[in-house]
Number of protein chains: 2
Amino acid sequence: MDLAANITEETPSESTLKPERVAQLIRERILEDELSPGTAIRERTLATELGVSRTPLREALKILATEGLVELAPRRAATVAAPSVREQRELLQLLGALEGFAGALACTLATPEDIRQLRALHYEMLAAYMRGDRLAYFHRNQDIHTSLVAITKNRVLIEHHRRLNAQVYRLRYVTNLKTERWESAIKEHELILDLLERREADAIRPVLEDHVLKAFDQMQRQAEAREAEAGKGEARKGEASKAGAKG
Amino acid sequence: MDLAANITEETPSESTLKPERVAQLIRERILEDELSPGTAIRERTLATELGVSRTPLREALKILATEGLVELAPRRAATVAAPSVREQRELLQLLGALEGFAGALACTLATPEDIRQLRALHYEMLAAYMRGDRLAYFHRNQDIHTSLVAITKNRVLIEHHRRLNAQVYRLRYVTNLKTERWESAIKEHELILDLLERREADAIRPVLEDHVLKAFDQMQRQAEAREAEAGKGEARKGEASKAGAKG
DNA sequence: GGCGACAGTATGGTATACCATATTTGCTGC
DNA sequence: GCAGCAAATATGGTATACCATACTGTCGCC
């Protein structure tokens, strides 16, 4: 029973509860692709690995399932969510809707300082682009979208956006990195900033709504083209999330 | 140990898991106001009452907390969520945004059959209005909004809308019933249906976005007026949910 | 040789026991 | 009489033990 000293937190039970910390740990593993979509989560295994018992781990899994990051089936191991192409598109569509609404609101609410901050992030993103630093580019890109939503000061909106973003995080990562859409994406960002500065709520909304979806659809076309070309060779799943893992 | 036969489900462990069933039970109690906002949820008490142990109950609470229906604080009893006025407005604003987006989408996607169904619900709502059946009126109203969102076929959107709706359910109930806004609300519904039929996505969106918010703001004004009039007399909380109970 | 059934094992589901902490109450001292 | 502290109790947090079920591997029968 003494092998439970794995985590070695300095504050054993301070402000955040264990299930939430555990959930955060798993969240990070999922977002960092240490736990890839479709992976079965063995409760005893992961619990021992994290140095906790199954009870808080299971509560964490319930949280993550409600957030849509893992999928629970009765009497079956929890699996890291592997949204179908259809669901991926649904997620991005809603994400775009939220960002479009946020952008329209931001046209009223954004202070000059807010806009300056966004432009700063935009330039940092450009810098990363020039350096070819794809990870930094990706993160600045995320920051811009997150900051735009944050301008609304609507915490409920911010939270829903955060969750949706987490659900498509890997996807956006791949989308942003694997496509040759950088130029147009950057142009769109510049357009968005301009419209925000000119307070054109009606114009900014459709741009934001389509922004991520466009990237997705283009990625889809590329993926289909690649598939048609390669023929087979490990289709990198992502399609049928309910397919058995064995076989 | 044999007193666990309280629930008396015909299928003890079929498709739905216990924590989710428990969550649903608590959800219903919250929506039906058996558990009113701010109420402390005693784990042992409620667990015994529901005929389950604390383990699935706690998992259910984690689910409900993630959905925003209950609030968890470290080492403190879970409480039924009591959103502040500010958060209530944020919730309604996002709800409106989702419905506005859904309505715009529906202008493209809705089949004549969909629109007929909506009109049917609308007339049922009018019937309830004429009868003075406030509960039926409320439910038909809910059905209309839910059906409109369902037209999009976007399950992610539908689910987020459902959750937001649950969070403001009581609120909308009160809003719809306690205000003298029936006429204008009905007029708005008729406008919405007309615009949907004429496929005017750009016009329908702002109507839906403001629809619920308008009702809320009017209710707020009425509440303030009533408060100013009554002076004191049990302010029916709803304001500061984080305020200490002691003092 | 293949298919099916049965048994053993592993895994998720639930209950319970135990622990730490927070709250409350009563006692004591000022 | 009030305030503060201490102890007891109640309550949430976690671990573990036990149970039911699903999966797997093997054996036997067709």
Side-chain angles (χ1 to χ4, degrees), chain A residues 1-26 39-65 70-80 242-247, chain B residues 1-26 39-66 70-80 242 244-247:
Chain A
M1 62 180 76
D2 289 341
L3 53 84
N6 291 348
I7 291 189
T8 67
E9 291 286 332
E10 65 283 4
T11 54
S13 67
E14 201 164 9
S15 57
T16 65
L17 277 312
K18 211 168 222 170
E20 329 216 342
R21 269 184 296 152
V22 171
Q24 182 57 27
L25 285 176
I26 302 176
T39 305
I41 297 179
R42 242 43 156 264
E43 294 185 357
R44 281 173 176 80
T45 309
L46 187 55
T48 323
E49 192 174 330
L50 295 179
V52 298
S53 90
R54 287 174 59 211
T55 310
L57 173 64
R58 290 181 100 283
E59 294 183 359
L61 288 178
K62 287 288 185 301
I63 294 175
L64 296 171
V70 309
E71 286 171 5
L72 297 178
R75 297 282 173 185
R76 190 158 257 89
T79 57
V80 179
K242 270 74 182 175
K246 282 293 144 45
Chain B
M1 63 181 76
D2 288 341
L3 54 84
N6 291 349
I7 292 189
T8 65
E9 290 285 330
E10 65 282 3
T11 55
S13 68
E14 200 163 10
S15 56
T16 64
L17 277 313
K18 210 168 223 170
E20 330 217 341
R21 267 184 297 151
V22 171
Q24 182 57 27
L25 285 176
I26 301 176
T39 305
I41 297 179
R42 243 44 156 264
E43 295 186 356
R44 281 171 175 82
T45 310
L46 187 55
T48 324
E49 192 174 330
L50 296 177
V52 298
S53 90
R54 286 175 61 213
T55 310
L57 173 65
R58 293 187 96 260
E59 295 183 0
L61 288 179
K62 287 287 185 303
I63 293 175
L64 296 171
T66 310
V70 308
E71 286 170 6
L72 298 178
R75 298 280 174 185
R76 189 159 255 87
T79 58
V80 179
K242 268 75 182 177
K246 285 293 140 50

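Lettering of chains follows the sequences in order, A, B, ..., and the numbering in each one begins at 1. Atom set for the values below is all heavy atoms of this structure, side chains included, hydrogens, waters and symmetry mates excluded.
Rounded to an integer number of Å, the gap from B/E59 CD to C/dA15 C1' is 12 Å. In this entry the distance linking CZ of B/R54 with P of C/dC19 reads 15 Å, nearest Å. Atom P of nucleotide C/dG12 and atom CG of A/L72 are separated by 11 Å, given to the nearest angstrom. Rounded to a whole Å, the CG atom of A/L46 is 10 Å from the P atom of C/dG12. If you take CG of B/L50 and P of C/dT14, they are 13 Å apart, rounded to a whole angstrom. Rounded to whole Å, the distance from CG on B/L57 to C1' on C/dG13 is 15 Å.
To the nearest 0.5 angstrom, B/L72 atom CG is 8.0 Å from B/T79 atom OG1. Annotation: the span from A/R44 atom CZ to A/S53 atom OG amounts to 11.0 Å, rounded to 0.5 Å.
For C/dA15, the OP1/OP2 oxygens have a side-chain nitrogen or oxygen of B/S53 closer than 4.0 Å.
Between B/A78 and B/L61, the closest heavy-atom pair is CB-CD1, 4.2 Å. Taking all atoms of both residues into account, the shortest heavy-atom contact from B/A60 to B/P19 is CB-O, 3.3 Å.
For the pair A/I63/A/V22, no side-chain contact is recorded, criterion being any heavy-atom separation below 4.5 Å from C-beta on. At least one side-chain heavy atom of A/E59 sits less than 4.5 Å from a side-chain heavy atom of A/T55.
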Which atom pairs link the protein and nucleotides 5-11 of chain C when you take only N or O atoms and keep those under 3.5 Å?
none

